[in-house]
Structure formats: structure tokens, C-alpha cells
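Both counts, for ligands and for their atoms, begin at 1 and track the order of listing.
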Amino acid sequence: MQHVALLYGSQTGTAQEVAERIARDARRQRLFTNATTTLTLASMDEYDFIHRLPEASCAVFVCATTGQGTNPDSMRRFWRFLCRRALPADCLARLRFAVLGLGDSSYVKFNFAAKKLHRRLVQLGAQPLLDVALADDQDAYGVDSTLEQWLTSLWPLIEKIAPKPPNVDVVPPFVLPPSRAATIFLNRETRQLDPSLNSPSAPALLHLQQQRSYYETASDEAILRLAENALQTTDRASERATGGISVTVRENARLTAAGHFQDVRSIVFDTQEQSTLPDYTPGDVLYLQPHNTPENAELVADMMGWSLDDTFVAVPSGMDHGSPFISNLPRPCSVRDLLTKYLDIASVPRRYFFEVLSYFAMDIRERDKLREFASMEGQEERYSYCNRVRRTSVETLRDFPSVHRQVPFAYLFELFAPIRPRAFSLSSSQAAHARSLHICMAVVNYKTKLSEPRRGLCSNWAAELPPQTTLLLSLGRGTMTLPEDPRTPIVMIGPGTGVAPFRSFVTHRVSTNAPGRNLLFFGSRNAAGDFLYRDEWQSLVAAGKIELFTAFSRDQDAKYYVQHRMLEEDASAAIWSALSDGGVIYISGSAQQMPQDVRAALQQIVVAQTGQSEADAEAYLAQLERVNRLQVETWS
Ligand SMILES: Cc1cc2nc3c(=O)[nH]c(=O)nc-3n(C[C@H](O)[C@H](O)[C@H](O)COP(=O)(O)OP(=O)(O)OC[C@H]3O[C@@H](n4cnc5c(N)ncnc54)[C@H](O)[C@@H]3O)c2cc1C
Ligand SMILES: Cc1cc2nc3c(=O)[nH]c(=O)nc-3n(C[C@H](O)[C@H](O)[C@H](O)COP(=O)(O)O)c2cc1C
């Protein structure tokens, strides 16, 4: 029996989604459909790597990078295992493999986890089928362009290892791919499962019938049995998965001046009881699970012909080895909850969204357009239509009226990804705020060529949370940590909301009487409009607890940012003296241009203070980074 492993390392779900898509493509290619080859799709840590990997004939890895070049949580155990010194150098000699990295080139350690994984597998004797492929969030077309090319090269190589059975053709493109989920609605009166409810439209039914001659899908009876079992269990795992800490909003206040262009908010959550708040340390992050607006949920339900108050049970349809997301939905779940709390209907649609919709378009021009958007050749068009202007899935659905009321309900899980939780640096410290969690959040609103302003999902949802709202959230490790020795000087460079974790650092150091120097560089547009936590910083300066350096970019004619402030004589001297005393430097905030500019300023300071060459100064900074004396937390 041949065994092929399709393994992902994912922090926020993208790598898992890409792996699921590869599995779907493999099924369409009719790979691994014979009795002698099995395909396992799992996270690297879920996979029984100790016993199965050395025996696998082929492994395909999809590997994200998180933090500042760190491995995602779902491959930590696997990576520790691979790094064991005791592993013989040829222990994976049987294995052929390919790695697809998912990363973002605005981070210094671009696709670090994937590159390390590829190197380590080679060291252990495994044979690469292809060079490591590096997808980049900064790529205008997203993961798609790298993925499609990579798969085009990969499939023929895999077919040589695990040949298709003879006389089996690739599934023709007119056949609708199966949905991962099967759904059954409950009768409104009896509250019993009723498979006859919400049955697909006649054209959709034809597609589903045709699909059965190409794919093995679970029978209607098997689905009903699964749904009955699911209904009997009272598993609320989905709520646990999104975070176990129950909190109440105590404060949700604007920090920026009333007329200022941007709304930046201080949100304070109180835990119900002190005992329910797990220990956290400065530098940690809080995850919020946002909701879609009720208007968007209503729009989708309306266009698709579903009633928000209806309830259903979703079970894995047998494809993709069961998606945890589907298994973890409440049972039953209302259409309203699904469209409000679980499915991401407000982000820019993915390529597959267009492909799925194309099967249900009743109008031939709409169908052709959807097919074009779904094709590799049409990616430029798709980019202009939705990515460039940040058109949402809801708006896209509105543009294709002939699909309305045509899409079977279970295909919602194909159209939309789950809503991702968003991270926010904690701006509080447990030493000072025993029962509360604070964040400093910028509300994301911007204009594109579309007439409606674009609104970030989570920040707009959170901005509207009234005091006393109860919700669940979770905490996680960030990438920055305070030095163990409280005497160590720290230099914090945090323009905009990048200052949030430094409020946590400073509060912690002040309330624990840490004697080390605290240098804070803050930057924003203007002192009157968006000097975040101004009063707090100023009283800390007056008390001699921090040294504050500010840069307000629009308070004078020329633009003036934190990196410029760092190069002023007093600031450079202070930074250098902190560094000379073993200090740690932190950079936090937008991942766009700021981290590079700040790093370049640091390099200039080292050159000016030591007379070293630029290359030596860069080597010095790289060394600081290696020993955690230069730490960065940025987001795009
Ligand atoms: C470790 C970490 C810590 C973080 N800490 C904080 C914090 O302390 N405070 C904070 O406010 N945020 C923080 N963030 C960012 C936060 O997680 C969210 O990404 C942010 O709030 C936006 O989420 P949203 O759902 O409102 O927007 P989304 O709906 O996710 O939309 C955001 C997307 O819109 C696009 N976009 C945004 N602005 C523009 C523009 N002007 N033009 C074109 N496209 C644009 C970008 O593609 C962006 O990715 C942090 C992120 C990470 C990873
Ligand atoms: C907090 C955070 C840190 C990241 N750090 C890096 C990094 O150091 N290097 C990199 O190449 N990409 C980095 N990325 C980009 C992710 O690897 C990329 O968005 C990937 O598609 C995420 O996949 P996932 O959703 O499966 O975790 C980071 C993304 C986030 C949100």
C-alpha cells in the first residue's frame, strides 16, 4: 500500500485551506483513487509522523511562517521531532517531498519556516521533487499564482510515484466539485431533521447527480445518520475553539481627537472572575473573533433564498477527511449564526469562489465571466475587479444575480472561508490590571475606487461593542518579551497602535519597580489629534519613569517620522548608551515601510557611534536579533 501525506503548518488557517484545495485538485486529477494508494490530509502535528513519515512514498507540505520567522503552532511537535540529534542522517531516504511556503515578503524572515523545513528534510535524506516554492502575501494575485504553477509541475512528478489506475480519466471541468459539508435542515415546528427541506434547484440537482458518477460521496442515509448523531451530542467545541475567556466590555473609548481622520480606540475587557484569567505576560496578544454585520448576513440570505431563522446540522460529507471547522459548528446552527459569526462573507473573494459560482449561473454571460475570473488567464481581470478595489464577496454576489437562489446550501462552505480571529497586542499588564485586558485598536476604514468606503471587519465590529457586552476571547503568545533582568534598559519604537505592547511593557516595569531605563519612541500624525495615551506618557516622564521621544509627521512642513527622531543627536546617544549597557530594542506596528526605515536608522546609529562599515553594522544588528536583543512585532 502506497501512502501519500499532505501536511500543513498553519497559524490562522490559510495553509490548511491551501492544503484542502490541493486535496481537491488531486481528486479532480483522480490521483490516489486506486486501492493501493491512500492520501492523508492533516496538520503536521496531527499526523503520526514517527511511524508513518519514514514509510510514506511522498509528502507534500504547505507551511506558513508566523511571528518573526517562527513556525506555526500546528507544526511545533513535528519540527522538534525533525530536529532531534539522534535521528540518523538517512532516516527519510525513502521519502520524496515538496514544500510550498506561505509567507509575506514585508517580513524580514520571508518564508523562514518553509525554507528551514525543506533544508532539514534534505539533511535527513529525503529527496525534493521540486525546489521550495515561496508564495507571498504581497503578490497581487495572492497565493494563487505560485500555487497553480507549482501544482502544474508537481502533479506529473507525483503521478510517477503513485500512478493513477488505468482507464481513469481526469474529472472533466464541467463536473461540480463536491462540497466538504453536507447539511440537513430542521423542521421549524417539529425541530426534527428533515432532508426534504431546502432541496436544491433543478439545475443544481443535475450537477449533483452528475457529480456522483465521478466522485464517491456519502449516501443520503449515511449523511442523515451522521447528522442525527451530531445532533445528539452537545458539543460546543466551536465556542471553545474561538477562545475560552468570558469577558465583559468595560470601556470602549475613542483615543483620537473628535475631528481626527482616524478612530483609534481603547477597549478594556473585564474578566468575570479573577480566577478565569490565565496568566499572561507583556508582549502577549489577545484574539477577537469578529462578527459580520447583520445587514450583510441578511443580504446573503436574501440573495441565496435562505431564511435566517432556519436551523440546520452540518456534517463532513466524507471529503477532505472531515474539516474541524464544520464538525465544530453548533448543532443545530441557525443560518443567521452561520452568516454572522462563522463564515467570512465580507472579505475579498478567493479564486475558488468564482469557480463554484460559475456552476450555478443561469445567465450565460455571467457564467463566462465567472469562469474567466476563476481561470489562471483571468487573474489580472479578477485582480482589477475585486482585489484592487477590495470588493467584498457580498458585493460580488450582488453583481451576479443569475446565481441567486441557485446555490445549494452546503456550498456556502465552499464559497466562504471561516472568519479568522484577529490579534491585538495587549496594552495592559497583569501586574497592574489584575482582572482586565486592554487593547489599543485602530478602526480600519479607507476608500478605493468603489463608492462605498471599505471597512475592516474586526475593528469596525469591535468599535461598536457597547459597554457590558459579554463575549469570548482568547490569549496567545506574541513575539516580543521583556528581558528577564529588570535592570536591562529597553528601547521601544512603536508608532501608531504599535505603541500598544509598550504600554504593557512600561506598566509592568513601573508597577514592579524595575530599575532599568525605558526609552519610548512614539510617532503619529499630530500631537493634537492622535498622540495615543498622551497624558499617561507625560505623567510617567514627569515621574522620571520613561524617556519619551516623539515624532509628529504633520506638525511641520516636512514629513518627520520616528526614524528621523531616532537620528537626532540626543536620541541616537540615548539608544547607543542603552545598547552599550546590554539593552534590548523593540519595534512594533505597521509592517509596511516602518520596520525597514527604523532598522536603517539603527544601522546609521551604529555606524555613527562606532565608525564601523554599514555591512558590519548590519551584522551587529543581525547578531542582536539572534540573541533576542532586537525584537520585532509588526502586522499588515
Ligand atoms: C501580532 C499582531 C498584533 C496586532 N496588534 C494590533 C494592535 O495592537 N492594534 C491594532 O489596531 N491592530 C493590531 N493588529 C492588526 C489586527 O489584527 C487587524 O489586522 C486589524 O485590526 C484589521 O482587522 P480588520 O478585521 O478590521 O480588517 P480586515 O477586514 O482584516 O481588513 C484589513 C485588510 O484591509 C486592507 N487594507 C487596510 N487598509 C487599507 C488601505 N488603506 N488601503 C487598501 N487596503 C487596506 C489590507 O489588506 C488589510 O490586511 C495586530 C496584528 C497582529 C498579527
Ligand atoms: C503575526 C504574523 C506574523 C507573520 N510573520 C511572517 C514572517 O516572519 N515571515 C513571513 O514570510 N510571513 C509571515 N507572515 C505571513 C504569513 O505566513 C502568511 O500570511 C500565511 O499565508 C499565513 O498562513 P496561515 O493562515 O496558515 O497561518 C506573518 C503573518 C502574521 C499574521
Side-chain angles (χ1 to χ4, degrees), residues 8-19 43 62-75 100-115 134-139 142-143 146-147 255 262-267 283-292 344 346-348 387-390 392 417-427 438-449 453-463 476-480 494 496-504 532 588-592 595 632-636:
Y8 55 84
S10 184
Q11 190 68 22
T12 52
T14 321
Q16 178 178 348
E17 215 186 285
V18 170
S43 77
V62 184
C63 178
T65 297
T66 189
Q68 301 302 321
T70 45
N71 291 338
D73 286 345
S74 62
M75 65 177 284
L100 170 67
L102 305 187
D104 182 334
S105 57
S106 70
Y107 287 87
V108 179
K109 294 183 175 169
F110 176 51
N111 261 309
F112 218 57
K115 290 177 191 165
L134 305 177
D136 185 356
D137 286 355
Q138 299 299 318
D139 186 331
V143 178
T146 313
L147 176 64
L255 286 174
Q262 193 176 34
D263 185 2
V264 178
R265 310 191 74 82
S266 157
I267 309 186
D284 283 354
V285 294
L286 169 158
Y287 289 97
L288 287 178
Q289 182 71 29
H291 294 181
N292 295 309
D344 190 357
S347 62
V348 176
N387 299 70
R388 181 170 294 136
V389 293
R390 312 282 308 165
T392 66
I419 298 179
R420 280 179 303 107
R422 289 356 184 224
F424 293 91
S425 305
L426 281 160
S427 59
H438 301 205
I439 60 171
C440 170
M441 182 196 75
V443 182
V444 173
N445 282 320
Y446 56 97
K447 290 281 297 172
T448 65
K449 279 196 175 148
R454 307 290 92 192
R455 294 158 63 81
L457 178 66
C458 186
S459 53
N460 281 278
W461 167 77
R477 287 267 168 269
T479 52
M480 301 189 302
T497 51
V499 80
F502 301 143
R503 183 169 178 263
S504 174
L532 306 176
S588 156
S590 162
Q592 299 301 312
V632 186
E633 177 89 276
T634 54
W635 53 87
S636 50

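Among protein heavy atoms, atom 11 (O) of ligand 2 sits closest to Asn111 N, 2.6 Å. Among all protein heavy atoms, the one lying closest to atom 1 (C) of ligand 1 is Glu633 OE1, 3.5 Å. The single protein non-hydrogen atom nearest to atom 5 (N) of ligand 1 is Ser425 N, 3.1 Å, given as residue, atom name and distance. Looking at atom 15 (C) of ligand 2, its nearest protein heavy atom turns out to be Asp104 CB, 3.6 Å. Ranking the protein heavy atoms by distance from atom 9 (N) of ligand 2 puts Lys109 O, 2.9 Å first. Among all non-hydrogen protein atoms, the one lying nearest atom 16 (C) of ligand 1 is Ala423 O, 3.3 Å. Nearest to atom 49 (O) of ligand 1 among the protein's heavy atoms is Ser636 O, 4.0 Å. Given atom 18 (C) of ligand 2, the protein heavy atom at minimum distance is Asp137 OD2, 3.3 Å. Nearest protein neighbour of atom 31 (O) of ligand 1, counting heavy atoms only, is Gly456 CA, 4.1 Å. Regarding atom 25 (O) of ligand 1, its nearest protein heavy-atom neighbour is Cys458 N, 2.7 Å. Looking only at protein heavy atoms, the nearest one to atom 8 (O) of ligand 2 is Gly69 N, 2.7 Å. Distance from atom 26 (O) of ligand 1 to its nearest protein heavy atom, with residue and atom name: Ser459 OG, 2.6 Å. Nearest to atom 29 (O) of ligand 1 among the protein's heavy atoms is Leu457 N, 2.9 Å. For atom 16 (C) of ligand 2, the closest non-hydrogen atom of the protein is Thr65 O, 3.3 Å. The protein heavy atom nearest to atom 26 (O) of ligand 2 is Ser10 OG, 2.5 Å. Nearest protein neighbour of atom 5 (N) of ligand 2, counting heavy atoms only, is Gly67 O, 2.7 Å.
Inclusion of Leu102 in the set of residues having an N or O under 3.5 Å from an N or O of ligand 2 is warranted. Ligand 2 has no N or O atom lying under 3.5 Å from any N or O atom of Ala64, backbone or side chain. When only interatomic distances are considered, the shortest N/O to N/O separation between Thr14 and ligand 2 falls below 3.5 Å. Note: an N/O pair closer than 3.5 Å links Thr12 and ligand 2 by distance alone.
Residue contact annotation: Gly13 has a non-hydrogen atom under 4.0 Å from ligand 2. By the 4.0 Å heavy-atom criterion, Phe110 is counted among the residues contacting ligand 2.
When the options Tyr8, Tyr107, Phe112 are ranked by their closest heavy atom to atom 31 (C) of ligand 2, first place goes to Tyr107. Of the options Arg388, Arg422, Arg390, the smallest heavy-atom separation from atom 30 (O) of ligand 1 is shown by Arg422. Taking all heavy atoms of Phe424, Trp461, Tyr446, Trp635 into account, the minimum distance to atom 21 (O) of ligand 1 is reached by Phe424. Taking all heavy atoms of Ala442, Ser588, Cys440, Ala500 into account, the minimum distance to atom 9 (N) of ligand 1 is reached by Cys440.
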Should Ser588 and Glu633 be marked as a side chain to side chain donor-acceptor pair (under 3.5 Å) after you check the CA-CA gap, both sets of side-chain angles, and the distance that decides it? CA-CA 5 Å; Ser588 156; Glu633 177 89 276; over 6 Å; no

Should Gln262 and Val443 be marked as a side chain to side chain contact (heavy atoms under 4.5 Å, CB included) after you check the CA-CA gap, both sets of side-chain angles, and the distance that decides it? CA-CA 7 Å; Gln262 193 176 34; Val443 182; 5.9 Å; no

Please lay out, stage by stage, how Ile267 and Met441 fare under the test side chain to side chain contact (heavy atoms under 4.5 Å, CB included). CA-CA 7 Å; Ile267 309 186; Met441 182 196 75; 4.0 Å; yes

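Counting heavy atoms of neighbouring residues, nucleotides and ligands inside a 6.0 Å radius, atom CZ of Arg455 does not exceed 12 of them.
With Tyr8 as the fixed residue, the side chain to side chain contact (heavy atoms under 4.5 Å, CB included) test singles out one of Gln16, Met75, Glu17: Gln16.
Here the straight-line distance linking atom OG1 of Thr12 with atom CZ of Arg420 works out to 6.0 Å at 0.5 Å rounding.
In terms of heavy atoms, Ser425 sits closest to Ile439 at O-CG2, 3.8 Å.
The Gln68 neighbourhood of ligand 2 comprises atoms 8 (O), with distances under 4.0 Å to a heavy atom of that residue. Per-residue contacts place Ala15 under 4.0 angstrom from the following atoms of ligand 2 (heavy atoms of the residue considered): 24 (P), 26 (O). Within ligand 1, the atoms closer than 4.0 Å to a non-hydrogen atom of Val444 are 22 (C), 37 (C), 38 (N), numbered from 1 in the order shown. Each of the following atoms of ligand 2 lies closer than 4.0 Å to a heavy atom of Gly103: 10 (C), 11 (O), 12 (N), 17 (O).
Asn111 places a side-chain N or O within 3.5 Å of a backbone atom of Ala135 that can act as its donor or acceptor partner.
For Gln11, heavy-atom contacts with ligand 2 shorter than 4.0 Å involve the backbone as well as the side chain.
Less than 4.0 angstrom separates atom 39 (C) of ligand 1 from at least one non-hydrogen atom of the protein.
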